[in-house]
Protein chains: 2
Amino acid sequence: LPNRDFLEAQIEDFVISSEKVAHVQVGNSAEHALLVLTKTGYSAIPVLDMKYHFCGLINAQRITDAILGLDHIEYERLPDLRVEDIMETDLPLLKPDDRFQKALDLLIDQNFLCVVDHEGMFTGILTRRVMLKQLKKRIYQ
Amino acid sequence: LPNRDFLEAQIEDFVISSEKVAHVQVGNSAEHALLVLTKTGYSAIPVLDMKYHFCGLINAQRITDAILGLDHIEYERLPDLRVEDIMETDLPLLKPDDRFQKALDLLIDQNFLCVVDHEGMFTGILTRRVMLKQLKKRIYQ
Ligand SMILES: Nc1ncnc2c1ncn2[C@@H]1O[C@@H]2COP(=O)(O)O[C@H]3[C@@H](O)[C@H](n4cnc5c(N)ncnc54)O[C@@H]3COP(=O)(O)O[C@H]2[C@H]1O
Ligand SMILES: Nc1ncnc2c1ncn2[C@@H]1O[C@@H]2COP(=O)(O)O[C@H]3[C@@H](O)[C@H](n4cnc5c(N)ncnc54)O[C@@H]3COP(=O)(O)O[C@H]2[C@H]1O
């Protein structure tokens, strides 16, 4: 079956490279992260340090959840909140030499995966969109 | 190729039915929608009317974007905002008798698709997760 071979292919050619990926710095405020999320329209984006090491993911729900009072959102607390206090860190990552098979398994439960090299440098993301386009192509072969 | 037959299958068995889908009402305030998005953790959810007709989608970015001032977020305007003023309405929908082929094409650009019957009633959603799981299964047949 032609389909199975592509699962052995490396992900490298399909990764959206880091300079095309919107991100925030680990030292940024939560308000700055909310502005970047709003302006780009992405539901989640990576958090990096000054040297481009991967630190975690941030989305609007985690920011709002952190300032949630009993029945309303306490916005006055937003300026005190830092990205590093609320980012998600326990998540599956890919390495640049990983294969499609592993990416497919992990993308079942994630909108996208961050690709991080052996020194912890962020090299880009692999998205469900790219995976779905490749799977559709293979179904027709 | 066994794979192609499944593209002719109807989506019906794979739809997450409406009672399992978090949603908000078209008459709700934007603040209520933000609370539901935060508490469920979903990045976007459907907007329905009182009779369960589909009206649109809402996410945190559209809410924050609507109250974005020049360089900060004007939260005091949140209580005046209604869901129907900011929801997204121009989006592709599925009908209950649509086939997998059409769902696959549309899921390339959407995290999930709302399923709406010929009377406009919301019957559920088809997600990228379900599609990816089915595609993975077919690749191995
Ligand atoms: N500006 C845009 N132009 C065209 N289509 C757009 C778009 N923004 C979103 N979409 C479409 O909506 C899907 C969901 O976007 P979301 O922001 O929830 O979720 C996104 C976002 O959280 C992240 N992402 C994608 N591209 C990114 C980038 N350049 N920088 C940062 N994060 C990105 O990966 C997730 C999955 O992306 P994926 O492409 O599979 O799926 C995307 C894509 O199909
Ligand atoms: N509580 C939870 N338990 C387990 N896994 C979870 C989860 N919340 C999110 N996920 C995982 O994260 C993916 C992205 O969720 P997101 O909220 O951005 O995007 C979601 C959300 O906007 C919407 N969605 C999914 N299930 C929903 C539900 N029961 N009610 C309302 N909206 C739902 O469909 C989008 C795509 O869902 P999909 O399942 O393909 O993909 C989900 C799923 O794989």
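Not measured: the values here are computed from a predicted model. The figures here come from the full heavy-atom set of this structure, side chains too, leaving out hydrogens, waters and symmetry mates.
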Review point. By a 4.5 Å heavy-atom criterion (distance strictly below it), what part of B:Glu76 contacts chain A: side chain, backbone, both, or neither?
Key: neither
Check your understanding: Considering only heavy atoms, which portion of A:Leu104 lies under 4.5 Å from any heavy atom of chain B: side chain, backbone, both, or neither?
Key -> side chain
Review point. Would A:Leu135 end up clustered with A:Ile11 when hydrophobic side chains under 4.5 Å apart are linked, directly or stepwise?
Key: yes
Exercise for review: Sort by residue number and list every member of residues 21-42 of chain B having a non-hydrogen atom under 4.5 Å from chain A.
Suggested key: B:Glu31, B:Leu34, B:Leu35, B:Leu37, B:Thr38, B:Lys39, B:Gly41, B:Tyr42
Check your understanding: Heavy atoms, side chains only, cut-off 4.5 Å: are A:Tyr75 and B:Ile73 in contact?
Key -> no
Practice item. Group every Ile, Leu, Val, Met, Phe, Trp and Tyr by side-chain heavy-atom contacts under 4.5 Å, then state whether B:Val47 and B:Ile16 land in the same group. Key: no
**Study point:** Interface residues of residues 81-97 of chain B facing chain A - non-hydrogen atoms under 4.5 Å apart
**Key:** none
**Study point:** Over 12 non-hydrogen atoms of neighbours within 6.0 angstrom of NZ in A:Lys133
**Key:** no
Practice item. Tabulate, in ascending numerical order, the residues of residues 113-132 of chain A having at least one heavy atom closer than 4.5 Å to a heavy atom of chain B, or enter 'none'. Key: A:Arg128, A:Arg129, A:Met131, A:Leu132
Review point. Do any of residues 50-67 of chain B come closer than 4.5 Å to chain A, heavy atom to heavy atom, and if so which ones, in number order?
Key: B:Ala60, B:Gln61, B:Thr64, B:Asp65
**Study point:** Cluster link A:Leu78 to B:Leu78, ILVMFWY, side chain under 4.5 Å
**Key:** yes
Review point. From A:Asn111 CG over to B:Asn111 CG, what is the distance, rounded to the nearest 0.5 angstrom?
Key: 4.5 Å
Practice item. With A:Lys136 as reference, evaluate B:Ile108, B:Leu7, B:Leu107 under the side-chain contact (heavy atoms from CB on, under 4.5 Å) test and give the passing residue. Key: B:Ile108
